[in-house]
Amino acid sequence: MDKKGIFFWTGGILVLLVLYLLSSTDLLIQEERQKVYQVSVVLRDTNEAFYENFKKGVEQAAAELNVDINLLTLYDLQDVGQQADIIRAERQEGADALVLEPHGMELSKELVQDLPLVIVGDEEYEFAYSALEPDFAGAAELLAEQIRLRHPQLEELYLFAHGRQNYGNAEAYAALEQIFAQTEVELRFIDDSEEKDAFRREIESFVYPDSAGNKERVALALDRPSFQKLLQIVEGSDVYKNSIGGIYGLGSSSYIVSKLHRGRVGGLVYWDDYKIGYLSVKTAVEMIEYRGTYQKLRIEGKFIDKEDLQEEENLRLLYPIE
């Protein structure tokens, strides 16, 4: 090999060596790094099935979208200022977006500032970028349809709720009013938000009726806390159990599902909390990147009775495993 050939090959090897060293030290070729977003998720509490399924959805979205999640819950539901303190702390720690399940507080623009805000629940705020909420009207329609099919001679439907405006109760009640206005069924609304013994007093009136005679009585709870409270009262006495022709409700918990399994509940509507958790994070990332216009995502509910409990999807969502 002549001198030119030697110089050529030597030079080529040296160039390749330099390029390799530069690229290996990340000085010349840098891999594109995906930004890791910080999303804070603040929930009311760790209530059983909702929290476990919601958390799984959050974790799945975080893994797919490269998101660092800080999942927080309130340690004292009676402290209405606690959630505001958490929001301030998360904002100061550099959160890129906030997913919030509001609880007993006055949420303001000054508190949230420029953080993209995703609301979980039925509360509405003009400065929120998005809201995910169960379709309460649709759930009420599902229950009304089943109640009418299963109780064709029904004359009175007793609605149990903790306030007309809480937990989507207003939306559910309005849907029920519209449906039963075309029938002979009379709606009776029992509210325990101001009188804590209102449910028990009403159930006792079933046992010792003034004028109802042998009319069939069906109870429908419009929110999960009322559903569970109603069942606990009725389960406390065989006399109470025998006075009610059927119990239905919106929402679920381990206790409620156990009563459904035993046939004490005629049916219920629940929502896919995994999907709500997943979409809350996905929406938060979209808001960080695009700051789009406000959108409300409605999550449809599903009606189930005792026979439906054995379906794989229902078992997965109603009996979550950590």
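FYI, the numbering just counts along the sequence from 1.
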(request) Identify the heavy atoms of Asp135 and Glu171 that sit nearest to each other, and give their distance. (result) OD1-OE2, 3.7 Å

(request) Run the ring-centre check on Phe54 versus Trp271 and record whether the distance is less than 6.0 Å. (result) no

Drop me the distance from [X]'s [atom1] to [Y]'s [atom2], to the nearest 0.5 angstrom.
X: Ile179; Y: Ile147; atom1: CD1; atom2: CD1; value: 9.5 Å
X: Ser243; Y: Asp238; atom1: OG; atom2: CG; value: 11.0 Å
X: Ile247; Y: Arg217; atom1: CD1; atom2: CZ; value: 13.0 Å
X: Gln232; Y: Arg200; atom1: CD; atom2: CZ; value: 10.0 Å

(message) Between Glu235 and Arg262, does any NZ, NE, NH1 or NH2 come within less than 4.0 Å of an OD or OE carboxylate oxygen?
(response)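 Salt bridge: no.
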
Would you indicate whether the side-chain heavy atoms of [Y] and [X] approach each other to under 4.5 Å?
X: Val58; Y: Val99; value: no
X: Leu71; Y: Tyr51; value: yes
X: Glu93; Y: Asn70; value: no

(message) Here's one to test your reading of the geometry: is the NZ or CZ of Arg164 within 45 degrees of the ring axis of Tyr173 and under 6.0 Å from its centre?
(response)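 Satisfied, under 6.0 Å and within 45°.
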
(message) For a quick check under 3.5 Å, do Glu289 and Tyr37 share a side-chain donor-acceptor pair by atom type?
(response) yes

(request) Answer with yes or no whether the side chains of Glu204 and Tyr240 bring together a donor and an acceptor at under 3.5 Å. (result)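 Checked: Tyr240/Glu204 side chains pair up, N/O donor to acceptor below 3.5 Å.
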
(request) Any chance you could lay out the side chain to side chain contact (heavy atoms under 4.5 Å, CB included) test for Val39 and Asp96, step after step, and finish with the verdict? (result) CA-CA 6 Å; Val39 176; Asp96 295 305; 5.6 Å; no

(message) Please evaluate residues Glu313 and Lys302 with respect to the criterion salt bridge (charged side-chain N to carboxylate O under 4.0 Å, His left out), reporting the C-alpha separation (whole Å), side-chain torsions for both, the decisive distance (0.1 Å), and the verdict.
(response) CA-CA 11 Å; Glu313 181 184 11; Lys302 180 179 181 180; 3.6 Å; yes

(request) Let me see the working for Asp305 and Asp308 under side chain to side chain contact (heavy atoms under 4.5 Å, CB included), right down to the final yes or no. (result) CA-CA 5 Å; Asp305 57 17; Asp308 298 323; 3.0 Å; yes

